[in-house]
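In this text, all values refer to a predicted model and were calculated from it rather than measured experimentally. Residue indices begin at 1 and follow the sequence shown.
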Amino acid sequence: MELSPMEVIFLFLGGLGIFLYGLKMMGDGLQAAAGDRLREILNRMTSNPLLGVLAGIIVTILIQSSSGTTAITIGLVSAGFMTLRQSIGVIMGANIGTTVTAFIIGLDIGAYSLPILALGAFMIFFLGSRPQANNLGRVLFGFGALFYGLELMGDGVKPLADLESFSNLMLDVSHNPLLGIAVGTVLTVIVQSSSATIAILQGFYANNLVELDAALPILLGDNIGTTVTAILAALVGSIAAKRAAAVHVVFNVIGATIFLIGLPLFTRLITYLQGAFELNPEMTIAFGHGFFNITNTLIHLPFVFALAWIVTKLIPGKDFSEEFQPNQLDPLLLKRSPGIALQGAQAEVKNLGNLTLSILDDSQSFSKSGDSKKYKEIKEKINVVDTLQDSIKKYLIDASKYDISDEDIERQATLLEITRILYKVSIQINEYTESYNKKFREKIEISDEAKEGLQNLYEHVYKSFKKAIDTLDIYSPQELEEVIRLSQKSYKIENKLRKQHVKRLNKGTCSTDGGLLYVDLISNLERIGYNARNISETNLDEDYDELSEDTVIYE
């Protein structure tokens, strides 16, 4: 039966839609079954590039999307959970993991797609109350939908063989591999799934719409096109995230270039494998896809450091997640000598404190300039604080598993509390920054007198907070008492500024919007000063717990 052009389009697009939905459903089911283990796999298996490759393969198989794995990796790099070098192995592994979908398609079980889809649907609807059955049902439904979508796409593309223009295009691609790479790249950018475009290519090759020497350049283009998702994920990310996305691009472009140069050998090899193993057309493309990604990874794996260097030069700037990466939280040292390990944790708490102090300094610079770059730096640093405090907290909690002295138990509790306070301060600094961002965005004016009062309070709070951080690893009661005195004074300054603000409101010299913003700003600063006092009080020896208000601590 001859199909009309509209029916061809509907069949192809409908099949593509069902394929993509099936791919997502299968990935969601596998991901749900894996639970929180995905992040754990990426966190634990990235100590060296080889393990990173394995982690990338596993996660991509579980979520059925190399773009998804790369996006998760970029998110972890941006948050500081993973370094750039650790991410490179994962990205390489994701490229290998995505070939599994092509091999699954090569099994050619399309005739059983509807029964598999039906079984999955029954499990979801009738056994859906059981999480494991629901997840398995989603995997089966997705698996069936994937193959059913392929069948529809195959039926849709068959009439293309009769179109002279399409035949000419494929002939041009055979003679001009660069055109094939462009076709594959553009198609993947449009569809946003390399698995889908490889599946389309498998369908074309199975229906004799394209020869192998034209299909392989398109395959290379598919692998370049899939990097667009990583680029989009990194656009609003940190410098580290942008570099991770750049690694994905550089990795695939270099690989495609190498294979383009050796295209005649590549074509000959895949032709030989097709005959030697009696591969069907779909499996032939799957072998080509797998061979490219595995070989590309093996070529690049010894040059992870070089890749990191290249993208650092391509995207210059300061990577705060690298700069403040914890390097003294050694789990082996914690096991062998918990007391010494706690000293390392204390150094990391001070590192966290200095990072938080630098954000406070940046926020004050932003308050004067409204510089968008400074605002972005503040946000990146706050993400790093979140990651760093999480690492320190887990490390300190792990110390409880080992035999530690009473003195170390007390120090552990102190460090946990200070870590919590520093994280709280980072949130308050973020609120302080957002208030100024609102000021610049909405063009809210603050009176000169109010600005002077804010500057005085900031200088006082900064001094007390800096002293609290400086004394974290030096037990000096006099210095700690000084921080508490300064904090007490911060409260008095804030109280005085509030009273002056009320007077200005009564005189009508301060706008309502400016007044509300001003109150938020002085409140944020006072709370930061109060937390500086909390740090010092936490650090004080128990002999100082019951000091009365007429002692040197309070004014």
### Query
Going by heavy atoms in the side chains, are V250 and L314 under 4.5 Å from each other?
yes

#### Entry: Side chain proximity check, Q86 to V90, heavy atoms < 4.5 angstrom
no

### Query
What's the shortest heavy-atom distance between P177 and L260, and which atoms?
CB-CD1, 3.4 Å

### Task
To the nearest 0.5 angstrom, please state how far the CG atom of L119 sits from the CG atom of L136.
7.5 Å

### Message
I'd like to know whether E348 forms a side chain to side chain donor-acceptor pair (under 3.5 Å) with N351, so could you lay out the CA-CA distance, the side-chain angles of the two residues, the decisive distance to 0.1 Å, and finally the verdict.
### Response
CA-CA 5 Å; E348 290 299 348; N351 182 33; 3.2 Å; yes

## Note on the structure
Of all heavy-atom pairs linking A206 and E282, the shortest is CB-OE2, 3.4 Å

### Y423 and T356: CA distance, side-chain angles, deciding distance, side chain to side chain contact (heavy atoms under 4.5 Å, CB included) verdict
CA-CA 8 Å; Y423 176 63; T356 310; over 6 Å; no

### Query
Any luck finding a side-chain donor-acceptor pair between T188 and T197 under 3.5 Å?
yes

### Query
Under 3.5 Å, is there a donor-acceptor pair between the side chain of D371 and the main chain of K373?
yes

#### Entry: Pair K394 + D398: basic N to acidic O under 4.0 Å
no

### Query
Which pair of non-hydrogen atoms, one from G56 and one from T60, has the smallest distance, and what is that distance?
O-OG1, 2.6 Å

### Query
Is the number of heavy atoms from other residues, nucleotides or ligands within 6.0 Å of CD (E442) greater than 12?
yes

### Task
Check whether any side-chain N or O of T99 sits under 3.5 Å from a backbone N or O of I96 as a donor-acceptor pair, and report yes or no.
yes

### Query
Would you say T295's side chain and F292's backbone share a donor-acceptor pair under 3.5 angstrom?
no

### Task
Apply side chain to side chain donor-acceptor pair (under 3.5 Å) to Y432 and Q364, showing your working.
CA-CA 9 Å; Y432 181 72; Q364 189 64 7; 2.9 Å; yes

### Query
Is it true that atom NZ of K438 has more than 12 heavy atoms of other residues, nucleotides or ligands lying nearer than 6.0 Å?
no

Solution key, residues 263-273 side-chain donor-acceptor pairs under 3.5 Å, sequence neighbours excluded:
residue, atom, partner, partner atom, Å
T267, OG1, L263, O, 2.8
T271, OG1, T267, O, 2.7

### Message
Taking L357's backbone N and O only, do any of them form a donor-acceptor pair with D361's side chain (distance below 3.5 Å, no angle check)?
### Response
no

### Query
Got K381 and D362 here, is their nearest side-chain heavy-atom distance under 4.5 Å?
yes

### Task
Decide side chain to side chain donor-acceptor pair (under 3.5 Å) for N252 and N95; before the verdict, give the C-alpha distance in whole Å, the side-chain angles of both, and the deciding distance to 0.1 Å.
CA-CA 9 Å; N252 280 296; N95 277 36; 2.7 Å; yes

### Summary
Here the gap from N437 atom CG to S372 atom OG, rounded to the nearest 0.5 Å, amounts to 10.0 Å

### Query
Would a 4.5 Å heavy-atom cut-off, applied to side chains only, mark L355 and V384 as touching?
yes

#### Entry: Close side-chain approach of L127 and N134, heavy atoms under 4.5 Å
no

### Query
For T433 and S363, which heavy atoms make the closest approach, and how far apart are they?
OG1-CB, 3.4 Å

### Message
Within this structure, what is the CG-CG distance for the pair L352 and N354, rounded to the nearest 0.5 Å?
### Response
9.0 Å

### Task
Kindly compute the distance separating CZ (F141) from CG (L117), expressed to the nearest 0.5 Å.
4.5 Å

### Task
Using the side chain to side chain contact (heavy atoms under 4.5 Å, CB included) rule, pick out the option among I88, V53, V247, L84 that qualifies with V304.
I88

### Task
Output yes when E434 and K439 qualify as a salt bridge under the 4.0 Å nitrogen-oxygen rule, no when they do not.
no

### Query
Does R243 reach the main-chain N or O of I315 with its side chain, forming a donor-acceptor pair under 3.5 Å?
yes

### Task
Before giving the answer on side chain to side chain contact (heavy atoms under 4.5 Å, CB included), spell out for I57 and V100 the whole-Å C-alpha distance, their side-chain angles and the decisive distance to 0.1 Å.
CA-CA 9 Å; I57 293 170; V100 171; 5.8 Å; no

#### Entry: N430 side chain to S426 backbone, donor-acceptor under 3.5 Å
no

#### Entry: Over 12 foreign heavy atoms within 6.0 Å of OH, Y21
no

### Message
Would you compute the distance between atom CD of Q202 and atom CG of N280 and round it to the nearest 0.5 angstrom?
### Response
8.5 Å

### Query
Okay, side chain of D386, backbone of I382: is any donor-acceptor separation there less than 3.5 Å?
no

### Query
Got a second to check how far S369's OG is from F440's CZ, nearest 0.5 Å?
6.5 Å

### Task
Indicate yes or no: at least one non-hydrogen side-chain atom of I181 is less than 4.5 angstrom from one of I218.
no

### Message
Would you say the rings of F103 and F287 are close, in the sense that their centroids are separated by under 6.0 Å?
### Response
yes

### Query
Under 3.5 Å, is there a donor-acceptor pair between the side chain of T226 and the main chain of N223?
no

### Summary
Applying ring-ring contact (aromatic ring centres under 6.0 Å, His included) to F277 and not counting sequence neighbours gives none

### Query
Would a distance-only check, ignoring hydrogens and angles, find a side-chain to backbone donor-acceptor pair under 3.5 Å from H289 to I285?
no

### Query
Which pair of heavy atoms, one from P49 and one from L301, lies closest together, and at what distance?
CB-CD1, 3.9 Å

### Query
Any side-chain heavy atom of I198 sitting closer than 4.5 Å to one from T101?
no

## Note on the structure
Closest non-hydrogen atoms of G22 and A145, given as atom of the first, atom of the second and distance, are CA-CB, 3.7 Å

### Query
How about T257 and V253: do any of their side-chain heavy atoms sit closer than 4.5 Å?
yes

